[in-house]
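Step one of this worksheet: look at the structure below.
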2 protein chains.
Amino acid sequence: MVQFVHPARQDITLAGVLAALADPVRLQIVRGLLTEPACMSCTAASPCPDIPKSTLSNHFRVLRESGLIHTTKKGVEHRNVVREADINARFPGLLKAILKHAGA
Amino acid sequence: MVQFVHPARQDITLAGVLAALADPVRLQIVRGLLTEPACMSCTAASPCPDIPKSTLSNHFRVLRESGLIHTTKKGVEHRNVVREADINARFPGLLKAILKHAGA
DNA sequence: TCAATAGTTCGGAAATATGGGACTATTGAA
DNA sequence: TTCAATAGTCCCATATTTCCGAACTATTGA
């Protein structure tokens with residue numbers, strides 16, 4: 001039983017968030033999660049075509065540890081949600097300003 | 001005679017900018033350049049205390065290649081300027097939103 | 001109980017970052 | 001000139017991080 005590590009709101013750092021979003025794949029994941037709130041790599045429905053599972057798992061871990069997303073187990077799947085409230089509270093306007101330019 | 005590589009405005013990428021700013025040292029450099037537009041590592045006046053020259057040189061190269069700063073030779077020194085116009089044209093609001101939170 | 005599926009973890013290879021030291025370029029002084 | 005001082009780059013060895021195949025774990029459904 002794996003329990004995930006999520007930083008508390010006040011422990012979310014700007015450099016951490018930027019580093020997490022500095023990767024094109026992760027940027028797409030966050031974008032995807034905001035429009036279609038849900039899944040993981042999970043073969044289908046993912047914004048990630050040919051990326052191996054282990055790599056995706058890493059990307060999600062980075063996003064999680066940066067404080068950008070929250071992951072819960074939902075049966076055999078994982079449910080990921082962008083921590084909009086936390087990020088917006090900590091860095092108002094940041095997420096919107098970045099994602100505005102994360103063109104498909 | 002070293003000539004620097006600066007990407008054209010349209011070649012500046014979001015991921016590149018975020019990656020460049022994802023490092024605390026580089027974030028401080030950009031912040032410093034905006035308030036006190038000028039120098040390089042240059043011993044004094046730098047926002048960077050104990051970082052070796054070669055490492056700083058690397059950081060400035062990353063900032064340069066990401067399109068965030070423009071470097072020109074000015075005698076024996078280098079003059080660095082944040083490419084605010086280019087960044088703002090390409091990603092309106094982004095730089096301000098990020099630097100707003102780059103607390104000292 | 002077994003197969004299938006979602007995702008993590010492990011471990012080695014590849015890529016990247018760090019920083020010491022040698023090198024280059026410019027300036028200013030003797 | 002020539003020489004010393006200074007700013008910064010380049011090279012290269014080491015350290016860290018990322019990538020991804022393969023093995024593993026957990027849950028569900030038959």
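From a predicted model like this one, the values you see are computed outputs, not experimental measurements. Each chain gets a letter, A, B and so on, in the order the sequences are listed, and its residues count up from 1.
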Legend entry - Length of the CD-C1' vector between A/Glu77 and C/dG7, whole Å: 10 Å
Inset, instruction - Mark yes or no for whether A/Arg31, through its side chain, and A/Ala102, through its backbone, hold a donor-acceptor pair below 3.5 Å. - result: yes
Inset, instruction - Could you tell me the separation between the NE2 atom of B/His78 and the P atom of D/dC10, rounded to a whole number of Å? - result: 9 Å
Legend entry - Sequence-distant partners of A/Ala22, side-chain contact (heavy atoms from CB on, under 4.5 Å), two or more places apart: B/Leu18, B/Ala19
Inset, instruction - Mark up nucleotides 13-20 of chain D, 5' to 3', with B wherever a protein heavy atom is under 4.0 angstrom from a base atom, S wherever such an atom reaches only the sugar-phosphate, and - elsewhere. - result: ------SB
Inset, instruction - Quick one: the dot-bracket string of DNA chain D, using Watson-Crick and G-U wobble pairs with both distances under 3.5 Å, [ ] for crossing pairs and | for bases paired to another strand. - result: ||||||||||||||||||||||||||||||
Inset, instruction - Output all residues satisfying side-chain contact (heavy atoms from CB on, under 4.5 Å) with A/Glu84, sequence neighbours left out; order by chain, then residue number. - result: A/Leu34, A/Val82, A/Asn88, A/Leu95
Inset, instruction - Using whole Å, report how far NZ of A/Lys73 lies from P of D/dA26. - result: 8 Å
Inset, instruction - Sequence neighbours left out, what pairs pass salt bridge (Lys or Arg N to Asp or Glu O under 4.0 Å) with at least one residue falling in residues 5-17 of chain A? - result: A/Arg9-A/Asp86
Legend entry - Which residues share a side-chain contact (heavy atoms from CB on, under 4.5 Å) with A/His70, sequence neighbours left out: A/His6, A/Thr72, A/Arg83
Legend entry - Separation of C/dT8 C1' from A/Asn80 CG (nearest whole Å): 13 Å
Legend entry - Residue pairs passing the salt bridge (Lys or Arg N to Asp or Glu O under 4.0 Å) test where at least one lies in residues 12-25 of chain A, sequence neighbours excluded: none
Inset, instruction - Taking only the side-chain nitrogens and oxygens of A/Arg79, find out if one of them lies under 4.0 Å from OP1 or OP2 of C/dG7. - result: no
Legend entry - Residue met sooner reading DNA chain C from 5', once B/Val76 and A/Val76 are mapped to nucleotides: A/Val76
Inset, instruction - Round to a whole Å and report the spacing from CZ of B/Phe60 to C1' of D/dC10. - result: 17 Å
Inset, instruction - Calculate the interatomic distance between B/Lys53 atom NZ and C/dG20 atom C1'; express it in whole Å. - result: 11 Å
Inset, instruction - Return the value, rounded to whole Å, for the distance between atom CG of A/Asp50 and atom C1' of D/dG21. - result: 16 Å
Legend entry - N/O (side chain, A/Ser57) to phosphate O (OP1/OP2, C/dT8) under 4.0 Å: yes
Legend entry - Pair listing, salt bridge (Lys or Arg N to Asp or Glu O under 4.0 Å) test, anchored in residues 87-97 of chain B, at least two apart: none
Inset, instruction - Figure out the CZ/P separation between A/Phe4 and C/dT9, and round it to whole Å. - result: 8 Å
Inset, instruction - Search all heavy atoms of B/Ile12 against all heavy atoms of B/Phe91 and return the closest pair with its distance. - result: O-CZ, 3.6 Å
Inset, instruction - Look only at the side chain of A/His59 and the backbone of A/Ala20, and say whether a donor-acceptor pair between them is shorter than 3.5 Å. - result: no
